[in-house]
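Note on naming: letters A, B, ... go to the chains in the order of the sequence lines (proteins, then strands), and numbering restarts at 1 for each one.
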Amino acid sequence: MIRKVKGTRDILPPETTLWNDVERTALRIFGGFGYSEIRLPLLEPTELFVRTVGEGTDIVSKEMYTFADRKGRSLTLRPEGTASVARAFIENGLGQRPQPLRLSYFGPMFRYEKAQRGRYRQFSQIGIELLGAATPAADVEVIVALHTFLAELGFDDLIIALNNLGDPEDRERFIAGLKTELTPHRDELCGDCQRRWEENPLRILDCKVQRCRELVAETTPVADVVSEDAARHVAAVEAGLQEASIPVRRAPRLVRGLDYYLRTVFEVISPELGEDTVICGGGRYDRLISDLGGAAVPGVGFAIGEDRLVDVLPQSFKDRALEQRIVAVLPVGGAAAAQATSLARDLVLSGVTAHTEVTGRSLKACLKWATKMAASVAVILGESERADGVALIRDLDRGEQETVALGDVVARVAELLQARR
RNA sequence: GUGGGCGUAGCUCAGCUGGUAGAGCACAGGAUUGUGGCUCCUGUGGUCGAGGGUUCGAACCCCUUCGCUCACCCCA
């Protein structure tokens, strides 16, 4: 048996309905804020991610699906979306469009990690990017849009955590200070943190080991070390969010895994999945486009993990999304088959979902099948009805049945399904 | 990459100290001629993850391997 590649998954109906609804809602809400969808390649030159995400990050150093194409060029299956948006911005001269530019995207990303719940090698993200605005108001808008989207899905228990990473210069200073403060206790840090000391000192901040947490708690938070400008910026973002009634929690130890973030960084975590499993991560990246050789265009955005989001979707949303109003079209006897299909077409065009019985089974089996298909109404096209130019319409929930002229079937079915809501 | 758990029908699982496999659900058909949802009957469906070994004989024991899963690392 051929099996799916590790870390990928088959998303089957009816779960696909959830995904469709989530994506539709994203397009509606983000689109409503002025973000238009951009569709980008899944395949990019490896260098794009090395230069933007950062050579030292886990993503680039060990998690990328990288391979050589037939001409020896190094290509990579995108591990995230923002780098591609930046590349496309430069390549397509999007700086010539009215600024700022608001873009949204969704689709699969790839990271070579060991899979577990909520973490797959192929996973989907939904993101937006606001390019060409450096103001706190831009950050506020992005987070308000995020919150609006999540609220629209029915979430009311999600936590938005916010931190200030300062500018790159601040960060270097901060790391130096952090190390100085921790040096006396360096040997008390856990094994992972010993490693992080050299490789990724910022990560020491969000270590889960109790002793590390205690030690880190004694150190000066990043936000206290950043420049005046950066501090003012994030303070303004916070104030703006407060004014918009967005519940935000300051997270002095919040760190992100991509090098390009600066100043505002934020995450959304779900109590259900636990604090370690981030549903959404984002922040500001004012140097990303210029680092790629473009103009000095600031940006801010986020990416939502769609797999994780769907995993914890509120029941209310699922119920609504999975609610269906279906009519089953049941021809009895082979002669009615074609008639059934064209009746189904009329029903479909009238906006309802019509499942047509095409295996030629008995009426009894047809009705059983209709029930299993979750149909609320069945249209029965039998021999005698054919002769009279009528059809039987059966209300499957109530068990009531009526005879209707063929020409009135669509209207009557619509009525019955309407009453069902 | 590190560590733990698990691999028997589509799904959830049973299978006692080794004697060549079962249930429930699901799926299909039927219970007097054209009427479902309950019930009942019948049927389809498994090289017991794979390979090797021990044995007269292995789903059960041993070795190897692959896969799945959970946690860590990290991240969405």
Side-chain heavy-atom pair Val300(A), Arg263(A) within 4.5 angstrom cut-off: no
Any donor-acceptor N/O pair, Arg213(A) side chain to Cys207(A) backbone, under 3.5 Å: yes
Donor-acceptor under 3.5 Å (Asp395(A) side chain, Leu416(A) main chain): no
Partner of [N] by Watson-Crick or G-U wobble geometry, both contacts under 3.5 Å, or none?
{"N": "rG46(B)", "answer": "none"}
{"N": "rC68(B)", "answer": "rG5(B)"}
{"N": "rC38(B)", "answer": "none"}
{"N": "rA14(B)", "answer": "none"}
{"N": "rC61(B)", "answer": "rG53(B)"}

Tell me, please, which residues at least two apart from [X] pass side-chain contact (heavy atoms from CB on, under 4.5 Å).
{"X": "Glu47(A)", "result": "Arg51(A)"}
{"X": "Gln194(A)", "result": "Arg186(A), Leu189(A)"}
{"X": "Thr277(A)", "result": "Leu273(A), Arg308(A)"}
{"X": "Gln242(A)", "result": "none"}

Ring pair (Phe, Tyr, Trp, His ring centres under 6.0 Å) partners of residues 132-154 of chain A, not counting sequence neighbours, each pair once: Phe30(A)-Phe149(A)
Pairs flagged by ring pair (Phe, Tyr, Trp, His ring centres under 6.0 Å) wherever residues 154-210 of chain A is involved - sequence neighbours left out: none
Just checking [X]: base, sugar-phosphate only, or nothing, at a heavy-atom cut-off of under 4.0 Å?
{"X": "Gly399(A)", "value": "base"}
{"X": "Leu396(A)", "value": "base"}
{"X": "Ile380(A)", "value": "base"}
{"X": "Ala303(A)", "value": "sugar-phosphate"}
{"X": "Glu63(A)", "value": "sugar-phosphate"}

Near-strand residues of residues 333-347 of chain A, defined as heavy-atom separation under 4.0 angstrom from RNA chain B: none
Residues within residues 188-201 of chain A bordering RNA chain B, heavy-atom distance below 4.0 Å: Asp192(A), Arg195(A), Arg196(A)
Which value, in whole Å, describes the distance between the [atom1] atoms of nucleotides [N] and [M]?
{"N": "rA9(B)", "M": "rG45(B)", "atom1": "C1'", "value": "6 Å"}
{"N": "rG36(B)", "M": "rG18(B)", "atom1": "C1'", "value": "49 Å"}
{"N": "rG3(B)", "M": "rA21(B)", "atom1": "P", "value": "38 Å"}
{"N": "rA28(B)", "M": "rG22(B)", "atom1": "P", "value": "25 Å"}
{"N": "rC56(B)", "M": "rG49(B)", "atom1": "P", "value": "25 Å"}
{"N": "rA26(B)", "M": "rU64(B)", "atom1": "P", "value": "42 Å"}
{"N": "rC63(B)", "M": "rC70(B)", "atom1": "C1'", "value": "26 Å"}

Donor-acceptor pair under 3.5 Å, Thr371(A) side chain vs rG36(B) base: yes
Under 3.5 Å donor-acceptor pair, Glu385(A) side-chain atoms to rG34(B) base atoms: yes
Using atom [atom1] of [X] as one end and atom [atom2] of [N] as the other, report the distance to the nearest whole Å.
{"X": "Glu383(A)", "N": "rU35(B)", "atom1": "CD", "atom2": "P", "result": "14 Å"}
{"X": "Arg394(A)", "N": "rG34(B)", "atom1": "CZ", "atom2": "P", "result": "15 Å"}
{"X": "Leu363(A)", "N": "rG34(B)", "atom1": "CG", "atom2": "P", "result": "8 Å"}
{"X": "Glu80(A)", "N": "rC74(B)", "atom1": "CD", "atom2": "C1'", "result": "15 Å"}
{"X": "Gln401(A)", "N": "rG36(B)", "atom1": "CD", "atom2": "P", "result": "10 Å"}
{"X": "Lys6(A)", "N": "rU65(B)", "atom1": "NZ", "atom2": "P", "result": "15 Å"}
{"X": "Arg308(A)", "N": "rC74(B)", "atom1": "CZ", "atom2": "P", "result": "14 Å"}

Pairs where residues 343-357 of chain A contributes a residue and the test salt bridge (Lys or Arg N to Asp or Glu O under 4.0 Å) is met, not counting sequence neighbours: Glu357(A)-Arg361(A)
Pairs where residues 144-162 of chain A contributes a residue and the test salt bridge (Lys or Arg N to Asp or Glu O under 4.0 Å) is met, not counting sequence neighbours: Arg28(A)-Glu152(A)
Measure all distances between protein nitrogen or oxygen atoms and nitrogen or oxygen atoms of nucleotides 26-33 of chain B, and list the pairs falling under 3.5 Å.
unit_1  : atom_1 : unit_2    : atom_2 : d
rA28(B) : OP1    : Arg361(A) : NH1    : 3.4
rA28(B) : OP2    : Lys372(A) : NZ     : 2.6

Non-neighbouring partners of Asp224(A) that pass side-chain hydrogen bond (donor to acceptor under 3.5 Å, both in side chains), sequence neighbours left out: none
Distance-only side-chain donor-acceptor flag, Glu181(A) / Thr220(A), under 3.5 Å: yes
Donor-acceptor side-chain pairing of Thr76(A) and Thr66(A) below 3.5 angstrom: yes
Closest to the Arg117(A) side chain, choosing from rG36(B), rA71(B), rU35(B): rA71(B)
N/O (side chain, Lys114(A)) to phosphate O (OP1/OP2, rU2(B)) under 4.0 Å: no
Short side-chain N/O contact to rC70(B) OP1/OP2 from Gln116(A), under 4.0 Å: no
